[in-house]
Amino acid sequence: MSRTLPVRQAEELHKSIIAYLAANNLAESATVLRQELGLGEDVFDAATTKKYEGLLEKKWTSIVRLQKKACIMDLETRNAELQSEVDNATPSSLSQKNKDPVSWLPKPPSRHTLESHRASVNCVAFHPRFTSIASGSEDCTIKIWDWELGDLEQTIKGHTRPVLDLDYGGPKTGILLASCSSDTTIKLWDPADGYKNIRTLSGHEHSVSAVRFIPSGGTGFFSSGNMLVSGCAGLKKPPPASSTAEFMATGSRDKTIKLWDARGNCIKTLVGHDNWVSGVMFHPGGKYLLSVADDKSLRCWDLSQDGKCVRTLSNAHEHFITSLRWAPAKPKDTPAGNGTANEGEGTPRRAAAALDISDAQIRCVVATGSVDMTVKIWAN
């Protein structure tokens, strides 16, 4: 066993143990220990014994006090976070926060921690119809999970370098999974055929770091653009649903998040993260922007309050957070996860029918992936 204490501290510990044994009428044990350590009467006399007699108990009780102090500090930090939430809440939001999905935000603990990858998780993507989520990793694999049950369903191999990004999309009747990698390729996988690789696209000269399908109304996501433009630009009311107003959010290594309008004007800069911002995502209800970063935190920004940060999950993961996704919406008249998959749609499981935006309801489920090799599901 390697020595962890310096020589002087080790000697003091040995003397303290011997003095403790002697004080508790364990003279034989004390004598044996002195002999093994080579501490004779000339080195460890009666005066030395008296000096070290109560030292071990004092050290032990001081450790207990430090542990209690650390626990109190953790409780004070948590209390401050809760107080911040109360300060930023209105009476109506307090009464409705557990009922109205538009106001739902993730909070600890996570419902599931999915573990199987052998290296950092770089990306996650929700299936738009089923309770499936895909995760891509530095171990060059893609894993398919049931986020409702927390079970691993399938491991997909095909890329020769780390998988950097994932996205589900395509037509309602033929949803595909797209992946991109440091091997410079983009691959398309068919969930209806056991995630068979149906196409490999080449042309990039370096790592392909991001892939997104063009969003479709049939995927079940709410169009939150008009509400967000209203909040950021300070309009008195949101533009009508038929408005063509568009916007985008960007996260940067400069630790900031910027909101842009359709003409390329920066309408807001959000500052708060302490490290590289790695992912941003708008709340389907249109009121919030969520972000994750290398500072291990998940932050929630209220765009109706001029982009004020209203919630911070300081240690959402144990390492850098690399990805962030919100689950697709569900029909208002269908319980989450109920129903049976249609024939030809891949592995049988509970599913939601193809959705129209007007018939959809926000699903309070968020997923994050991290360098700590885990995927976390944050759910109501």
Participant: If the condition is side-chain contact (heavy atoms from CB on, under 4.5 Å), which residues does A125 pass it with, not counting sequence neighbours?
Facilitator: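 Scan of A125 (side-chain contact (heavy atoms from CB on, under 4.5 Å), adjacent residues dropped) gives L166, Y168, R325.
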
Participant: Does any non-hydrogen side-chain atom of D274 lie less than 4.5 Å from one of K255?
Facilitator: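 Heavy-atom side-chain distance check fails, nothing below 4.5 Å.
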
Participant: Using the test side chain to side chain donor-acceptor pair (under 3.5 Å), find all partners of T77 that sit at least two apart in sequence or belong to another chain.
Facilitator: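 Scan of T77 (side chain to side chain donor-acceptor pair (under 3.5 Å), adjacent residues dropped) gives none.
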
Participant: Do you know which two heavy atoms are closest between A134 and I144, and how far apart they sit?
Facilitator: CB-CD1, 3.6 Å

Participant: Which is it for L114 and L152 under the side-chain contact (heavy atoms from CB on, under 4.5 Å) test, yes or no, and what are the steps along the way?
Facilitator: CA-CA 8 Å; L114 311 178; L152 174 64; over 6 Å; no

Participant: NZ of K296: more than 12 outside heavy atoms within 6.0 angstrom?
Facilitator: no

Participant: With distance as the sole test, does D146 use its side chain to make a donor-acceptor pair with the main-chain N or O of L149 at under 3.5 Å?
Facilitator: yes

Participant: Please walk me through it: do L176 and D190 pass side-chain contact (heavy atoms from CB on, under 4.5 Å)?
Facilitator: CA-CA 5 Å; L176 301 174; D190 187 359; 4.1 Å; yes

Participant: When rounded to the nearest 0.5 angstrom, what distance separates CD1 in I321 from CG in D294?
Facilitator: 9.0 Å

Participant: What distance separates Y195 OH from S179 OG, expressed to the nearest 0.5 Å?
Facilitator: 11.5 Å

Participant: Quick one: CG on L313 to SG on C300, what's the gap to the nearest 0.5 Å?
Facilitator: 6.5 Å

Participant: Measure from the side-chain N and O atoms of H273 to the backbone N and O of N275, and report whether any donor-acceptor pair falls under 3.5 Å.
Facilitator: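 No: the side chain of H273 does not pair with the backbone of N275.
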
Participant: Can you name the residues that form a salt bridge (Lys or Arg N to Asp or Glu O under 4.0 Å) with E81, not counting sequence neighbours?
Facilitator: R78

Participant: Check whether any side-chain heavy atom of P106 lies under 4.5 Å from a side-chain heavy atom of L298, and answer yes or no.
Facilitator: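 A side-chain contact exists here, since the closest heavy-atom pair is under 4.5 Å.
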
Participant: Measure centre to centre between the rings of W147 and H112, then say whether the value is under 6.0 Å.
Facilitator: no

Participant: Would you check if the side chain of D183 reaches a backbone N or O of P162 as a donor-acceptor pair within less than 3.5 Å?
Facilitator: no

Participant: To check you understand the geometry: which heavy-atom pair defines the closest contact between L324 and G279, and what is its length?
Facilitator: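 The answer is CD2-O, 4.3 Å.
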
Participant: Kindly indicate whether the side chain of W145, heavy atoms from C-beta on, has any atom under 4.5 Å from the side chain of S116.
Facilitator: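 When only atoms from C-beta onward are counted, S116 and W145 do touch, with a gap below 4.5 Å.
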
Participant: If the plane angle is over 60° it's perpendicular, under 30° parallel, otherwise tilted; pick one for W104 and W326.
Facilitator: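 Perpendicular.
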
Participant: Of all heavy-atom pairs between S291 and W301, which one has the smallest distance, and what is that distance?
Facilitator: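 Minimum heavy-atom separation between S291 and W301: OG-NE1, 2.9 Å.
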
Participant: Quick one: does any side-chain atom of N122 pair with a main-chain N or O of V163 as donor and acceptor, under 3.5 Å?
Facilitator: yes

Participant: Closest heavy-atom contact between V375 and S135?
Facilitator: CG2-CB, 4.0 Å

Participant: Check the hydrophobic clustering (I, L, V, M, F, W, Y; side-chain heavy atoms under 4.5 Å; chains of links allowed) and say if I133 and M373 are grouped together.
Facilitator: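 Looking at the clustering, M373 is in a separate group from I133.
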
Participant: At what distance, to the nearest 0.5 angstrom, does OG1 of T200 lie from CH2 of W189?
Facilitator: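 Result: 7.0 Å between the selected atoms.
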
Participant: Going from CG on D74 to CG on N79, what distance comes out if it is rounded to the nearest 0.5 angstrom?
Facilitator: 12.5 Å

Participant: Measure the OG1-CD distance between T374 and E115 for me, rounded to the nearest 0.5 Å.
Facilitator: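 Between T374 OG1 and E115 CD, I get 6.5 Å after rounding to 0.5 Å.
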
Participant: Measuring only between side-chain heavy atoms, which start at C-beta, is I142 closer than 4.5 Å to L177?
Facilitator: yes

Participant: Quick one: does D372's side chain have a donor or acceptor within less than 3.5 Å of a partner on E318's backbone?
Facilitator: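 Indeed, once roles are kept as given, a pair shorter than 3.5 Å links the two residues.
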
Participant: When Ile, Leu, Val, Met, Phe, Trp and Tyr are grouped by side-chain heavy atoms lying under 4.5 Å apart, directly or through other members, which residues fall in the same group as V371?
Facilitator: F320

Participant: W378 vs H317 aromatic rings, parallel, tilted or perpendicular, using cut-offs 30° and 60°?
Facilitator: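 Ring orientation, 0 to 90° scale: perpendicular.
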
Participant: Only pairs under 3.5 Å count here: list side-chain donor-acceptor contacts from residues 25-33, not counting sequence neighbours, and write none if there are none.
Facilitator:
residue	atom	partner	partner atom	Å
T31	OG1	A27	O	2.9

Participant: Ignoring hydrogens, what is the shortest heavy-atom contact between E153 and S132? Give both atom names and the distance.
Facilitator: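 Where E153 meets S132 most closely, the heavy atoms are OE1-OG, 3.8 Å.
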
Participant: Go through it in stages, so that I can follow the logic: the residues are H283 and I362, the test is side-chain contact (heavy atoms from CB on, under 4.5 Å), and I'd like the CA-CA distance, side-chain angles, deciding distance and then a yes or no.
Facilitator: CA-CA 9 Å; H283 191 300; I362 295 172; 4.3 Å; yes

Participant: Ignoring hydrogens, what is the shortest heavy-atom contact between P328 and R363? Give both atom names and the distance.
Facilitator: O-NE, 3.0 Å

Participant: Side-chain contact test, heavy atoms from C-beta onward, threshold under 4.5 Å: evaluate it for S182 versus L164 and give yes or no.
Facilitator: yes

Participant: Identify, with sequence neighbours excluded, every residue that meets side chain to side chain donor-acceptor pair (under 3.5 Å) alongside D139.
Facilitator: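 D139 satisfies side chain to side chain donor-acceptor pair (under 3.5 Å) with H117, S137, T141 only.
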
Participant: Determine, for K268 against D306, whether the closest basic-nitrogen to carboxylate-oxygen distance falls under 4.0 angstrom.
Facilitator: yes

